[in-house]
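Single-structure report; data block below.
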Amino acid sequence: MRMTANAEKSSPIEVVVVVLPESSIMSLASVLDPMRAANRVAGRPVFRWRLLSADGEAVKLTCDIPIPVDGRFSPPLDGDLLLVIGGFNLYRHAGKRFLAALQECARHFDIVAGIESGCWLLGRSGLLNGRKATAHWEELEDFSQAFPGLTVIGDRFVTDGKYWTSGGASPTFDMMLHLITERLGPALALDVASIFVYDQMHSPTDVQPFVSLGRIEARDPELAGAIRLMERTLERPMTVAALARRLAISQRKLELLFARALSISPGAYYLRLRLQVAHRLVRDSGIPMRDIALRCGFDSLSAFSRAYRREYGASPLKMRSANRATSSRAEANSLPPA
């Protein structure tokens with residue numbers, strides 16, 4: 001491989017970043033800014049990158065900001081690292097020609113990474129066949145169903161040989177720090193993290209949580225532990241008293257933790273968490289409503305429908321129907337046959 005862990009003597013790591021319309025500016029920044037910061041810290045170009053689009057034209061991101069690019073993504077291309085960033089409506093932005101270019105160009109890079117919906121493109125191109133991969137946690141179920149030949153896991157990012165996948169903007173930042181650690185050394189990676197006041201570097205095998213707790217884990221570890229326990233028991237929700245016993249604290253203390261930090265009771269938060277997960281499954285999957293109800297801890301479809309209607313103002317069936325009319329995220333990530 002061209003890349004080396006010697007930041008002082010190695011030639012720059014050659015990177016091609018392919019960004020598609022309707023991608024997240026945070027995912028793009030999580031790729032570009034760690035490389036920029038590494039160059040600054042090293043005092044010389046340890047990364048050199050080109051930004052490309054499918055057609056060579058500027059790319060409009062989800063925030064409606066147009067991003068100029070250096071050219072069109074098409075063979076021949078080679079380098080050390082190929083990063084493909086995707087977002088919504090992939091079927092509009094990446095057809096057969098794009099997939100063919102991806103298949104051809106991937107052969108000439110040491111590492112090929114799919115970021116956010118970019119993992120769908122790697123999957124659709126066949127590059128991930130027989131490998132481990134991840135996707136954004138909202139899409140893990142659909143991703144697994146779409147590509148049964150993959151081992152889909154819910155880690156923050158996954159590295160399997162030369163193919164890497166990342167499920168979101170923050171995991172992508174972790175992935176770039178992991179790359180810097182491997183190729184340029186842990187000291188440089190730590191310096192880059194420090195520039196962004198990023199004090200919780202994650203490993204690839206850290207799972208993607210339903211809830212991003214931020215500083216809560218350090219400030220209120222018992223509260224964080226309660227939320228993580230709730231996440232693990234969505235299918236079979238526990239009583240508040242049982243939660244407190246499992247956490248080895250009193251029920252009164254558990255109630256005070258939630259009241260002080262979140263202004264909500266633990267029971268109400270637990271129900272809201274279950275409904276939020278159900279809401280994503282209603283919108284973004286074709287899973288039958290009865291299965292969603294069971295998966296989110298409701299013992300009957302009628303109980304689920306009543307709770308869902310109270311929270312979202314419409315029945316699950318009406319919500320799914322309305323969402324399909326405006327194109328669900330799952331449909332947006334379904335590419336036409338290659």
Side-chain angles (χ1 to χ4, degrees), residues 16-32 51-55 59-65 67 69 73 81-103 105-106 111-129 131-147 149-150 152-160 163-176 208 280-281 283-286 323-324 326-338:
V16 171
V17 180
V18 184
V19 59
L20 294 178
E22 298 188 73
S23 295
S24 161
I25 195 170
M26 288 188 67
S27 290
L28 180 60
S30 291
V31 165
L32 297 180
L51 194 59
L52 306 179
S53 67
D55 58 5
V59 173
K60 186 171 286 190
L61 304 181
T62 50
C63 59
D64 223 25
I65 293 177
I67 301 296
V69 297
F73 176 58
L81 179 62
L82 174 61
L83 294 156
V84 183
I85 305 173
F88 293 102
N89 294 312
L90 290 183
Y91 70 95
R92 295 180 188 170
H93 310 306
K96 294 179 181 179
R97 181 178 298 177
F98 184 93
L99 293 178
L102 180 56
Q103 289 169 331
C105 293
I111 291 175
V112 180
I115 293 165
E116 287 223 29
S117 294
C119 62
W120 287 79
L121 295 170
L122 267 60
R124 189 67 182 135
S125 67
L127 296 171
L128 297 177
N129 287 349
R131 295 182 179 274
K132 294 182 295 183
T134 194
H136 190 276
W137 65 266
E138 288 185 315
E139 299 178 327
L140 283 173
E141 178 110 13
D142 291 328
F143 189 61
S144 181
Q145 290 178 358
F147 306 111
L150 311 186
V152 178
I153 53 181
D155 293 350
R156 291 179 68 83
F157 64 96
V158 172
T159 64
D160 189 344
Y163 294 104
W164 297 15
T165 48
S166 170
S170 176
T172 297
F173 193 92
D174 292 319
M175 186 183 76
M176 295 303 294
Q208 296 183 44
R280 294 181 186 110
L281 294 174
R283 291 178 309 165
D284 302 335
S285 80
N323 196 63
R324 281 178 174 171
T326 57
S327 178
S328 70
R329 184 168 183 172
E331 291 169 335
N333 283 332
S334 297
L335 298 178

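Scope of the values below: all heavy atoms of this structure, side chains included, with no hydrogens, waters or symmetry mates.
- Distance check: L32 CG to I85 CD1 gives 6.5 Å after rounding to the nearest 0.5 Å.
- Under a 3.5 Å cut-off, the side chain of T134 and the backbone N or O of D155 do form a donor-acceptor pair.
- Rounding to the nearest 0.5 Å gives a distance of 3.5 Å between CD of E116 and OG of S27.
- A donor-acceptor pair under 3.5 Å links the side-chain atoms of Q103 to the main chain of S125, judged by distance alone.
- Between C119 and A135 the shortest heavy-atom distance is SG-CB, 3.6 Å.
- Legend: residues meeting side chain to side chain contact (heavy atoms under 4.5 Å, CB included) with A106, ordered by chain and number and at least two apart, are V112, L127, Y163.
- Every residue two or more places apart in sequence or in another chain that forms a side chain to side chain contact (heavy atoms under 4.5 Å, CB included) with S30 is listed here: A169, T172, F173.
- Taking the side chain to side chain contact (heavy atoms under 4.5 Å, CB included) definition, one finds that I25 meets it with L61, C63, I65, sequence neighbours left out.
- We find the CD-CG distance between Q145 and L150 to be 13.0 Å, quoted to the nearest 0.5 Å.
- When all heavy atoms of V59 and V19 are compared, the pair lying nearest together is CG2-O, 3.5 Å.
- Shortest non-hydrogen contact noted between K132 and D160 is N-OD2, 2.8 Å.
- Residues H93 and L20 come closest through the heavy atom pair O-CD2, 4.0 Å.
- The distance from the CG atom of L90 to the CZ atom of R124 is 12.0 Å, given to the nearest 0.5 Å.
- With sequence neighbours left out, the side-chain hydrogen bond (donor to acceptor under 3.5 Å, both in side chains) criterion links D55 to S53.
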Checking R131 against L122 for the side-chain contact (heavy atoms from CB on, under 4.5 Å) test, could you report, in this order, the C-alpha distance in whole Å, the side-chain angles of both residues, the deciding distance, and whether it holds?
CA-CA 11 Å; R131 295 182 179 274; L122 267 60; over 6 Å; no
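- One distance of note links CG of L82 with CD1 of I111; it measures 11.0 Å at 0.5 Å rounding.
- F143 meets the ring pair (Phe, Tyr, Trp, His ring centres under 6.0 Å) test with W120, F147; sequence neighbours excluded.
- When every heavy atom of L121 is checked against every heavy atom of A94, the shortest pair comes out as CD2-CB, 3.7 Å.
- Closest approach of T62 and S24 over heavy atoms only: OG1-CA, 3.8 Å.
- L52 is not listed as a side-chain neighbour of V69, based on a closest heavy-atom distance of 4.5 Å or more.
- With rounding to the nearest 0.5 Å, the separation of CZ in F73 from CZ in R97 is 13.0 Å.
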side-chain contact (heavy atoms from CB on, under 4.5 Å) for H136 and S117? Distances and angles first, verdict last.
CA-CA 8 Å; H136 190 276; S117 294; over 6 Å; no
